[in-house]
There are 2 protein chains.
Amino acid sequence: MPNMARSKKHIARREQLVDATMRAITERGRQNLRIRDIAAEAGISPGSVLYHYPELDELLFDVHRVVVERFYQRRVELVESHDDAARRMVAAIDTGLPEGRDDAVAKTLYEMHGLADRSSQHGALMTSLFDREVALYGTILEIGVAAGRFALTGPSRDIARTLVVLEDGFGLHLLSNTTSVDLTLARTLLARYAHQATGCELPI
Amino acid sequence: MPNMARSKKHIARREQLVDATMRAITERGRQNLRIRDIAAEAGISPGSVLYHYPELDELLFDVHRVVVERFYQRRVELVESHDDAARRMVAAIDTGLPEGRDDAVAKTLYEMHGLADRSSQHGALMTSLFDREVALYGTILEIGVAAGRFALTGPSRDIARTLVVLEDGFGLHLLSNTTSVDLTLARTLLARYAHQATGCELPI
DNA sequence: ACAGGATTTGACTTTGTGTTCAAGTTCATA
DNA sequence: TATGAACTTGAACACAAAGTCAAATCCTGT
């Protein structure tokens, strides 16, 4: 079964290339991305990149998909590692903001926004992430209400959407060079909004 | 005074090129921007573009500067065209969101975020816009309080910053293809937050 | 109307990048 | 270990776009 060989290594290389591309995008930005950068980051030759991904668009799409999945899964895991409603909210806020200028997942995610503009496939990915983030916050809110910790000032869905949009806005500024916005401010204002919307003091 | 000729036409051409570049960016995106696109949009030859802007970066920077200025000035004008605090707030919200997928000023503004990452000059422009937008909202809030129309739930500066970040987050999604977010939703949620923060019902 | 600098142009050169490919190498299986 | 498919490579190629420049044209002040 000679195809088994191809499959295994092929798949491994493709995963490796997705990671390499994430790093390359983090370092150079998507618009300056060259095949040789991906190749160098993966430690192989440019020709091999094309061998495993004849269509560069496919690689970029896989990167987007992986990054969306990692970002979301990490949030779910960290949120679910807490029982207390307030701590769950803080976990959601913390995992929703980029950790720094070198946060590869967050950086790549934002670089992908420029693609969503012209590609409905990328747009669909972004929408799926947005919807799941809203659902995540929605669940946190509802459970908090059920536990008697939160008293919402409006529909949970609206609060959840506002939180996600706020995160994205802060993310944009944190990854740009808007010096008026830093991580502490972002956490503080997000927590303040959450406090106001839930009536629950957050341990931030 | 033969230099007068140069000056006058030179300056006019540069302004014309800035406008042409805005349109080209709106149509093709910044990463696909070619000199020939700018030239075509301006109705001149590619060589002339380089004649007036030997450094493309300088052109891009001028575009950024102009777009920031237009965006902000338009907001100030429309806000100041109202006397009532609530209507001023609505005007601020409406001018802070992109009008559609073809809103050239807003589109260009967001395309520029990708530059701020690597260029401190562009970062400074973005920061200056952010700060002025915060100041604009801050003034609206303070005047509303003085007029007895608003009763703020927190520091006006924090509310103002939250409003600006919310706008930017919505802008990001509106200009991408996040189908879960549309202009109506953005206006509604922004108004709801403003209502909550000021205690004043908005005529939206 | 003329002189001379300012502007415009299109053809040419240069550069940087993606893409192809023949040849070599690795590797799983029989 | 022998075989052939999967993989890798670097050199050659193709191409698109920026940049250069000499010549033509326009413009303004005199």
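Quick note on labels: first sequence line is chain A, next is B, and so on, each numbered from 1.
Side-chain contact between A:Thr188 and B:Asp158 is absent, with no heavy atoms from C-beta onward closer than 4.5 Å. Using a 4.5 Å heavy-atom cutoff, the side chains of A:Phe150 and A:Ile143 are not in contact. At a threshold of 4.5 Å between non-hydrogen side-chain atoms, the residues A:Leu125 and A:Phe61 count as touching. Residues A:Arg23 and A:Asp37 have side chains not in contact (no heavy-atom distance under 4.5 Å, counting atoms from C-beta outward).
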Could you list all N or O pairs between the protein and nucleotides 23-26 of chain D that sit under 3.5 Å apart?
none

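Atom CG of B:Leu50 and atom C1' of D:dA17 are 11 Å apart (whole Å). Here C:dT7 presents its P atom at 11 Å from CZ of B:Arg14, a figure rounded to the nearest Å. Taking atom CZ on B:Arg13 and atom C1' on C:dT7, their separation rounds to 8 Å, with Å as the unit. When rounded to the nearest whole Å, the span between NE2 of B:His52 and C1' of C:dT7 equals 6 Å. Spacing between atom CG of B:Leu59 and atom P of D:dG19 amounts to 12 Å, rounded to whole angstrom units. Atom CD in B:Glu55 sits roughly 8 Å away from atom P in D:dG19 (whole-Å rounding). Rounded to an integer number of Å, the gap from CG of B:Asp57 to C1' of D:dA18 is 13 Å. The distance from atom OH of B:Tyr53 to atom C1' of C:dT7 is 16 Å, rounded to the nearest whole Å.
Taking every heavy atom of residues 23-43 of chain B and every atom of DNA chain D, pairs under 4.0 Å involve B:Arg34, B:Ile35, B:Arg36, by number.
Minimum heavy-atom separation, B:Leu163 to B:Tyr193: CD2-CD2, 3.6 Å. Minimum interatomic distance between B:Leu60 and B:Met112 (heavy atoms only, all atoms of both residues): O-CE, 4.0 Å.
Between A:His113 and A:Tyr110, the gap from one ring centroid to the other is short of 6.0 Å.
In this structure, of D:dT8, D:dT9, D:dC7, it is D:dC7 that holds the atom nearest to the side chain of A:His10. Here the nucleotide nearest the side chain of B:Tyr51, chosen from D:dT9, C:dT9, C:dT8, is C:dT8. Nearest to the side-chain atoms of B:Leu56 among the listed nucleotides D:dA6, C:dT9, D:dG19 stands D:dG19.
The phosphate of C:dT9 has OP1 or OP2 within less than 4.0 Å of a side-chain N or O from B:Ser48.
Applying the ring-ring contact (aromatic ring centres under 6.0 Å, His included) test to B:Tyr53 and every residue at least two apart in sequence or in another chain returns nothing. For B:Asp94, the side chain to side chain contact (heavy atoms under 4.5 Å, CB included) test picks out B:Val90, B:Arg187, with sequence neighbours left out.
Distance alone, capped at 3.5 Å, is enough to place a donor-acceptor pair between the B:Thr95 side chain and the B:Ala92 backbone.
B:Tyr137 and B:Glu142 form no side-chain donor-acceptor contact under 3.5 Å, judged by distance and modelled atom types alone.
Applying the side-chain hydrogen bond (donor to acceptor under 3.5 Å, both in side chains) test to every pair with at least one member in residues 78-87 of chain B, sequence neighbours left out, gives these pairs: B:Asp84-B:Arg149.
In DNA chain C, runs of at least 3 stacked Watson-Crick or G-U pairs (N1-N3 plus N6-O4 or O6-N4, or N1-O2 plus O6-N3, all under 3.5 Å) give these stems: C:1-30 with D:1-30.
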